[in-house]
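Shown next, in structure tokens, is the structure this report addresses.
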Amino acid sequence: MIPENAIKPADKRLKAGNIPEGVIPLSSKEKTGKKLPLPIGISDYRKASTEYYYVDKTLLIRDFIDERPQVSLFTRPRRFGKTLNMDMLRVFFEKKDEDTSIYFRDKKIWTCGQEYQAYQGKYPVIYVTFKDVKCENWEVTYDLIYKILRNEFERHSELLGSDKISLYEKKYLTGILGGEADENDVAMAFLNLSRMLHMHYGVAPVIIIDEYDTPIQQAHIRGYYDKVIDFMRVLFSGGLKDNPHLSYGFLTGILRVAKESIFSGLNNLKINSVLDNRYSEYFGFTPVEVREMADYYGTPDKYGEICEWYDGYRFGTTEIFNPWSVIGYFNNECIPRAFWQSTGSNDIISEVLAAASNDTFERLESLMQGKSFVTHIDIGVIYPQIHNNPSTIYSFLLVTGYLKAIMTDQSFGGDYICEVALPNKEISYVYSKEILSQFENVIPPSVAVSIQEAIYTMDISALQKRVEAFLLQTISYHDAANETFFHGLILGLCAMLDNRYHITSNREAGNGRFDIQMLPLNKKLPGILIEVKAGKDCNDEQLTELAQTALDQMNDRQYHLEMTGQGVTEILKYGIAFSGKKVCIKAERSRT
């Protein structure tokens with residue numbers, strides 16, 4: 001509930017000329033006829049909502065007020081608007097000397113009426129983001145977390161002059177600000193700061209913790225996981241578990257916290273995952289929002305291409321576009337690229353794949369063929385499980401944005417059975433680079449380079465010898481049992497060339513689906529098409545016929561049409577046939 005003495009009628013708070021210096025109302029900008037700039041990398045709500053094209057997500061506030069859980073966790077993939085939404089909540093709820101209602105009066109939340117407006121600007125807020133805590137060791141991590149918390153204490157330096165908090169508490173506050181607090185004092189930061197703010201303002205604060213699990217992920221990768229967990233357990237529990245000085249708490253992250261033992265016994269936590277319907281439309285863009293954006297920038301005809309590349313996510317039952325990539329697409333003059341690829345580390349996925357079985361690789365490769373499969377999903381998956389249970393890869397891929405759930409059925413114990421697939425063309429590209437390129441771990445760089453050179457120079461004899469030698473040295477007869485394995489192996493080799501080529505697999509072209517296409521980024525380079533076949537116990541003559549069949553298939557079904565349509569004038573075609581550890585390659589060059 002909102003304390004009655006903290007509420008002022010909203011119509012009395014807005015005064016003429018009360019807009020802060022430098023802020024131009026959206027309506028004024030639009031009158032000039034200029035298009036608003038795109039909010040690339042903008043996570044400051046006040047800037048995003050007044051100086052850039054802003055997709056209005058303020059009804060998240062309405063839905064929260066209707067539900068009012070004491071602590072809410074939102075788990076979403078990276079770059080889906082978590083930080084911007086948390087800053088929006090901070091600006092909405094935070095009690096300030098300035099009138100911050102101006103940032104909401106032209107937004108959807110304000111049309112919901114006085115019942116919701118009454119919450120605006122009524123609470124002290126504690127806000128921290130751990131999104132940049134990506135350190136090599138615990139000492140540096142702790143130092144950075146301390147600095148982040150100290151900055152938040154400094155933002156509330158009005159407490160130093162308060163006559164409502166004790167000298168002991170002021171001494172604690174001074175110790176934090178002066179860098180003199182020990183680890184135990186720092187771990188109690190949320191609890192102590194929330195108590196002081198409650199006493200000073202007479203209203204319990206809102207605590208917002210953005211990207212809570214970034215330090216935990218880094219700690220797992222770098223080997224200091226237990227130290228981070230021990231510290232975070234005290235820090236978070238003090239602020240969020242049974243804290244009488246808390247009005248509401250918000251957290252964001254990629255993974256949920258239930259099994260991390262950080263909030264052991266916390267019974268006031270409401271988890272909102274990618275499989276839940278509530279709040280599903282507020283992280284990422286909906287189809288309506290993308291259409292409006294395309295219309296605004298004068299490119300309504302590009303909507304289909306945007307869908308092909310960046311649509312396909314499903315949060316709860318809501319269709320969602322990747323917001324980072326949609327913005328990048330418009331900023332790149334509507335030329336599609338895999339914009340999401342470079343926005344974060346995939347060390348965790350690399351770790352899982354390092355221990356993955358051939359069956360796992362086959363399933364992942366099947367996704368590139370547009371297929372789906374049913375698997376167990378644990379949205380409470382945690383980092384230590386990677387070593388104990390490599391099958392958790394599908395849970396990690398889902399919560400991190402590399403898979404979508406087509407069908408979801410909750411099983412006993414709170415886990416799910418999901419039918420999963422790749423969301424879109426962008427993720428197919430990212431997948432081929434970052435997932436299937438894990439074959440780099442088993443292909444020595446010198447071997448990869450020699451094979452790539454043979455492909456590029458069309459030296460069939462050298463290519464055949466090098467591939468065959470590699471197979472003899474590295475794989476067992478069991479590994480060499482099926483075509484899917486060989487397809488993945490060749491795709492992994494090709495993925496290493498992706499600084500010069502856009503590599504795709506199992507896509508429709510001409511009158512069929514090619515195995516591997518390497519579209520040159522520089523059209524002066526030749527394009528490359530590869531068709532893979534595998535047979536059992538083939539003699540040399542049968543293997544040669546199989547390779548020729550692969551080559552003929554590319555010509556008969558005109559797989560080259562997509563590349564020639566994009567201005568590629570020279571194409572190298574390879575039919576590669578495998579049988580056990582033997583290989584035969586047929587090739588030809590075509591020019592248009």
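We use all heavy atoms of the structure for the numbers below, so side chains are in, but hydrogens, waters and symmetry mates are not. Note that this is a predicted model, so its numbers are computed, not measured.
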Report task. Please assess Glu289 against Val326 for the test side-chain contact (heavy atoms from CB on, under 4.5 Å), listing each intermediate value before the final yes or no. Result -> CA-CA 11 Å; Glu289 291 165 344; Val326 170; over 6 Å; no
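- Residues Arg363 and Thr375 form a side-chain contact, since some pair of their non-hydrogen atoms from C-beta on lies under 4.5 Å apart.
- Note that Lys35 lies in the cation-pi zone of Tyr296, set by a 6.0 Å cut-off to the ring centre and a 45° limit from the axis.
- Nearest heavy-atom pair, Asn322 versus Arg79, reported as atom, atom and distance to 0.1 Å: OD1-O, 4.1 Å.
- Here the OG-CG distance, from Ser280 to Asp63, works out to 9.5 Å after rounding to the nearest 0.5 Å.
- With rounding to the nearest 0.5 angstrom, the CD1 atom of Ile571 is 6.5 Å from the NE2 atom of His560.
- The shortest side-chain heavy-atom distance between Phe315 and Pro77 falls under the 4.5 Å cut-off.
- A cation-pi arrangement is absent between Arg62 and Tyr116, since the terminal nitrogen or guanidinium carbon is not both under 6.0 Å from the aromatic centre and inside a 45° cone about the axis.
- Of the candidates Glu305, Glu426, Lys302, Tyr329 forms a side chain to side chain donor-acceptor pair (under 3.5 Å) with just one, namely Glu305.
- In this structure, the side chains of Pro423 and Tyr310 stay at 4.5 Å or more apart for every pair of heavy atoms.
- A salt bridge is defined here as a Lys NZ or Arg NE, NH1 or NH2 lying under 4.0 Å from an Asp or Glu carboxylate O, and Glu531 with Arg557 fails to meet this definition.
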**Report entry** Worked verdict on Phe373 versus Tyr394 for ring pair (Phe, Tyr, Trp, His ring centres under 6.0 Å)
**Finding:** CA-CA 11 Å; Phe373 58 82; Tyr394 308 121; 5.1 Å; yes
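- Within the 6.0 Å centre-distance limit, the rings of Phe104 and Tyr45 are counted as a close aromatic pair.
- Taking each heavy atom of Leu73 and Gly253 in turn, the nearest pair found is CD1-N, 4.3 Å.
- Taking each heavy atom of Ala405 and Arg314 in turn, the nearest pair found is O-CD, 3.7 Å.
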Query raised in the report: Could you go step by step and tell me if Asp515 and Ile530 meet the side-chain contact (heavy atoms from CB on, under 4.5 Å) rule?
Result: CA-CA 6 Å; Asp515 274 350; Ile530 300 174; 5.7 Å; no
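- A cation-pi arrangement is absent between Arg76 and Tyr313 under the rule of less than 6.0 angstrom and at most 45 degrees off the ring axis.
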Query raised in the report: Do Asn331 and Phe339 pass the side-chain contact (heavy atoms from CB on, under 4.5 Å) test, and can you show the C-alpha distance, the side-chain angles, and the key distance before you say yes or no?
Result: CA-CA 11 Å; Asn331 188 60; Phe339 299 103; over 6 Å; no
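- Looking at every heavy atom in both residues, Val91 comes nearest to Gln120 through O-NE2, 3.5 Å.
- Considering only heavy atoms from C-beta on, Ser273 comes within 4.5 Å of Asp276 through its side chain.
- Looking at Gln117, its side chain does come within 3.5 Å of a backbone N or O of Trp110 through a donor-acceptor pair.
- Side chain of Asp99 to backbone of Ser101: a donor-acceptor contact under 3.5 angstrom is found.
- Remark: side-chain polar atoms of Lys107 are not paired, donor with acceptor, to backbone N or O of Lys57 under 3.5 angstrom.
- The backbone N or O of Asp552 lies less than 3.5 Å from no partner atom in the side chain of Asn555, so there is not a single donor-acceptor pair.
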Requested in this report: Dump the intermediate steps for side chain to side chain donor-acceptor pair (under 3.5 Å) on Thr286 and Glu281, then the final yes or no.
Outcome: CA-CA 7 Å; Thr286 65; Glu281 68 269 38; over 6 Å; no
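- Contact annotation: the side chain of Asp311 never approaches that of Asn424 to less than 4.5 Å [non-hydrogen atoms, C-beta and beyond].
- For the atom pair CD1 (Ile254) and NZ (Lys82), the distance works out to 5.5 Å, reported to the nearest 0.5 Å.
- Counted within 6.0 Å of NZ on Lys47, heavy atoms from surrounding residues, nucleotides or ligands total 12 or fewer; the atom is thus considered open.
- In summary, Arg90 and Glu94 engage in a salt bridge, as defined by a charged side-chain N under 4.0 Å from a carboxylate O.
- A side chain to side chain donor-acceptor pair (under 3.5 Å) with Thr252 is found for one member of Asn272, Asp210, Thr83 and no other, namely Asp210.
- Judged by distance alone, the side chain of Tyr248 and the main-chain N or O of Ile207 form no donor-acceptor pair under 3.5 Å.
- Taking 4.0 Å as the cut-off between side-chain N and carboxylate O, Glu211 and Lys134 do not count as a salt-bridged pair.
- In this structure, CZ in Arg589 is found 10.0 Å from CD1 in Ile528, a value given to the nearest 0.5 Å.
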Query - Full working for side-chain contact (heavy atoms from CB on, under 4.5 Å) between Leu403 and Leu422 - result: CA-CA 5 Å; Leu403 290 176; Leu422 298 188; 4.0 Å; yes
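- Applying ring-ring contact (aromatic ring centres under 6.0 Å, His included) to Phe64 and the options Phe250, Phe92, Tyr282 leaves one that passes, Phe250.
- For the pair Gln566/Leu519, a side-chain contact is recorded, criterion being any heavy-atom separation below 4.5 Å from C-beta on.
- The distance between the ring centers of Phe283 and Phe74 falls below 6.0 angstrom.
- Ser428 contributes atom OG, which lies 13.0 Å from atom OH of Tyr402 (distance to the nearest 0.5 angstrom).
- Without hydrogens or angle criteria, Asp213 side chain to Ile216 main chain gives no donor-acceptor distance under 3.5 Å.
- Aromatic rings from Tyr53 and Phe330 are positioned such that their centres are separated by 6.0 Å or more.
- Tyr559 and Gln517 make their closest contact through O-OE1, 4.4 Å (heavy atoms, listed as atom of the first residue, atom of the second, distance).
- No donor-acceptor distance shorter than 3.5 angstrom exists from the side chain of Ser372 to the backbone of Glu419, with no hydrogens or angles considered.
- At a threshold of 4.5 Å between non-hydrogen side-chain atoms, the residues Leu36 and Tyr54 do not count as touching.
- Taking the six-membered ring where tryptophan is involved, the planes of Phe80 and Trp340 are perpendicular, since the angle between them exceeds 60° and thus also 30°.
- Between Val125 and Leu89, the closest side-chain pair of non-hydrogen atoms is not below 4.5 Å.
- We find the CD1-CG distance between Ile42 and Asp87 to be 11.0 Å, quoted to the nearest 0.5 Å.
- Residues Arg68 and Ile65 come closest through the heavy atom pair NE-O, 2.8 Å.
- Each of Leu255, Ile377, Asp378, Leu275 was compared with Val399 under the side-chain contact (heavy atoms from CB on, under 4.5 Å) criterion, and only Leu255 meets it.
- A donor-acceptor pair under 3.5 Å is absent between the side-chain atoms of Lys425 and the main chain of Ala338, judged by distance alone.
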